[in-house]
Amino acid sequence: MMPKAMKAQEIARKVIDKEELFILDVRNQKEFADWKIEGDSVEVINVPYFDLLDGVESIMDKLPNENVLVVCAKEGSSMMVADLLEEAGVTGVSFLKGGMKAWSEYLEPVKVGDMSDGGELYQFVRLGKGCLSYMVISDGEAMVIDSNRMIQPYLDFAKEKNAKIVQVADTHLHADHISGGRALREETGAQYWLPPKDATEVQFDYNKLEDGNEITVGTTKVAAQAVYSPGHTIGSTSFIVDNKYLLTGDILFVESIGRPDLAGLAEDWVGDLRETLYSRYKELSDDLEVLPAHFANMSEVQDDGKVSAPLGELYKVNTGLNVEDEGEFRKMVTENLPPQPNAYQEIRQVNMGKLTPEEEEKREMEIGPNRCAVS
């Protein structure tokens, strides 16, 4: 039998459904150490492709006799190793179609819940990058928040739901992934909202997203209320949707809090971050469901594939929300920063409209894990 090409969508469902998955990752050790497919029921080993050019006999004792998924960066190497495994007698061998690049770009739509007027809210989970984006749907209209650069999944999903995308927004100027906001505006004619304090250098027109804005989606006025919440960036803005959901951007995550250093101003912005987390959010209802723009670990992904938690619960369990001493908080934030995202300065430039790289360059900029949280 020929090895099967397995799509990123199939792997995403296996990861979310916690199906057993054995992966042989044949990228080099540095790439593997930086970023890999993970999940509760995923077992993965790394053997670089160049170590297997003379055959796979040396690793047969490390592999099961069946159902091995081979993964590489772009697909070609994994196809060759998959063929070698088949020849060596392993059954049910498959390879990741499009490689880790395809895994990085796949978006899995997950329903968050219904809204009081009959609308719906969906979370798009980018398992390969840790990005989370959202679509509010109401009465034939839709709003996309924190869009990824791959806009076709949003267009297809809106069409499937018989909705027209009329509003697009970013909670802040992203530094770890390229926003699809402008592309969605150009494709659909939607209004594109950005916090003006993050947009002082952008090279395009936009709608100013400011404290107190209400953005109507649908004739029943499903509203997204902007709550000014600086800290991750100077303009970071949260959304309250239907008085049920708090979209926190990169300010607050399920297991951590946002980093304030990606514009080189950690010492300046850490006070804003604390003010938002320890004062502004404290005034909100504990029952609001927190929906962040990123997640760092698969432990944050629930059994249904969703990433969320009640705000009140996070004030009990999230260590970033429980440092009473301001000096200790400042120390925790500024001294526990992970490595900065790959090409984050260039990504900021793209999101400002100052750089216009080709599609393949955009892919290369985004390769790697999400690093928006204080670790």
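Residues take their numbers from the sequence shown, with the count starting at 1.
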Undergrad: Any chance you could lay out the side chain to side chain donor-acceptor pair (under 3.5 Å) test for Tyr134 and Ser147, step after step, and finish with the verdict?
TA: CA-CA 7 Å; Tyr134 298 89; Ser147 163; over 6 Å; no

Undergrad: Atom CG of Leu194 and atom OG1 of Thr237: how far apart are they, to the nearest 0.5 Å?
TA: 9.5 Å

Undergrad: Tell me, yes or no, whether the heavy-atom count around Glu20 atom CD, taken from other residues, nucleotides or ligands under 6.0 Å, exceeds 12.
TA: no

Undergrad: Does either side chain, that of Asn46 or that of Arg27, offer a donor lying less than 3.5 Å from an acceptor on the other one?
TA: no

Undergrad: With side chains defined as the heavy atoms from C-beta onward, is the minimum distance between Val136 and Met115 less than 4.5 Å?
TA: yes

Undergrad: For Arg363, is there an ion pair with Glu360 - N to carboxylate O distance below 4.0 angstrom?
TA: yes

Undergrad: Could you check whether the rings of His174 and His177 sit parallel, tilted or perpendicular, using 30° and 60° as the cut-offs?
TA: tilted

Undergrad: Determine, for Phe95 and Lys4, whether the Lys NZ or Arg CZ falls below 6.0 Å from the six-membered ring centre while staying within 45 degrees of the axis.
TA: no

Undergrad: For residues Phe157 and Phe124, establish whether the separation of their ring centroids is below 6.0 Å.
TA: yes

Undergrad: How far does CG of Leu355 sit from CD of Glu361, to the nearest 0.5 angstrom?
TA: 9.0 Å

Undergrad: Any sub-3.5 Å donor-acceptor pair from Asp325's side-chain atoms to Glu328's backbone N or O?
TA: yes

Undergrad: Centre of Tyr192's six-membered ring, under 6.0 Å away, within 45 degrees of the axis: is that where NZ or CZ of Arg185 sits?
TA: no

Undergrad: Would Leu291 and Gln123 count as a side-chain contact (heavy atoms from CB on, under 4.5 Å) if you check the C-alpha gap in whole Å, the side-chain angles of each, and the deciding distance to 0.1 Å?
TA: CA-CA 8 Å; Leu291 297 166; Gln123 182 181 70; 3.9 Å; yes

Undergrad: Step through the shown structure and confirm whether more than 12 heavy atoms of other residues, nucleotides or ligands are within 6.0 Å of NZ on Lys97.
TA: no

Undergrad: Taking NZ, NE, NH1 and NH2 as the nitrogens, is one of them in Glu141 or Lys161 under 4.0 Å from a carboxylate oxygen of the other?
TA: no

Undergrad: Among the clusters formed by ILVMFWY side chains lying less than 4.5 Å apart, do Leu21 and Val93 turn up in the same one?
TA: no

Undergrad: Find the distance between CD (Glu275) and CZ (Arg280) and round it off to the nearest 0.5 Å.
TA: 5.0 Å

Undergrad: Less than 4.0 Å between a side-chain N and a carboxylate O, is that true for Asp303 and Lys18?
TA: yes

Undergrad: Within a reach of under 6.0 Å around NZ of Lys7, are more than 12 heavy atoms found that belong to other residues, nucleotides or ligands?
TA: no

Undergrad: Spell out, yes or no, whether Ile45 and Phe50 are grouped together once hydrophobic residues are joined by side-chain heavy atoms under 4.5 Å, including indirect joins.
TA: yes

Undergrad: Measure from the ring center of Tyr278 to the ring center of Phe329 and say whether it is less than 6.0 Å.
TA: yes

Undergrad: Name the residue from Lys101, Arg126, Lys129 that meets the salt bridge (Lys or Arg N to Asp or Glu O under 4.0 Å) definition with Glu366.
TA: Arg126

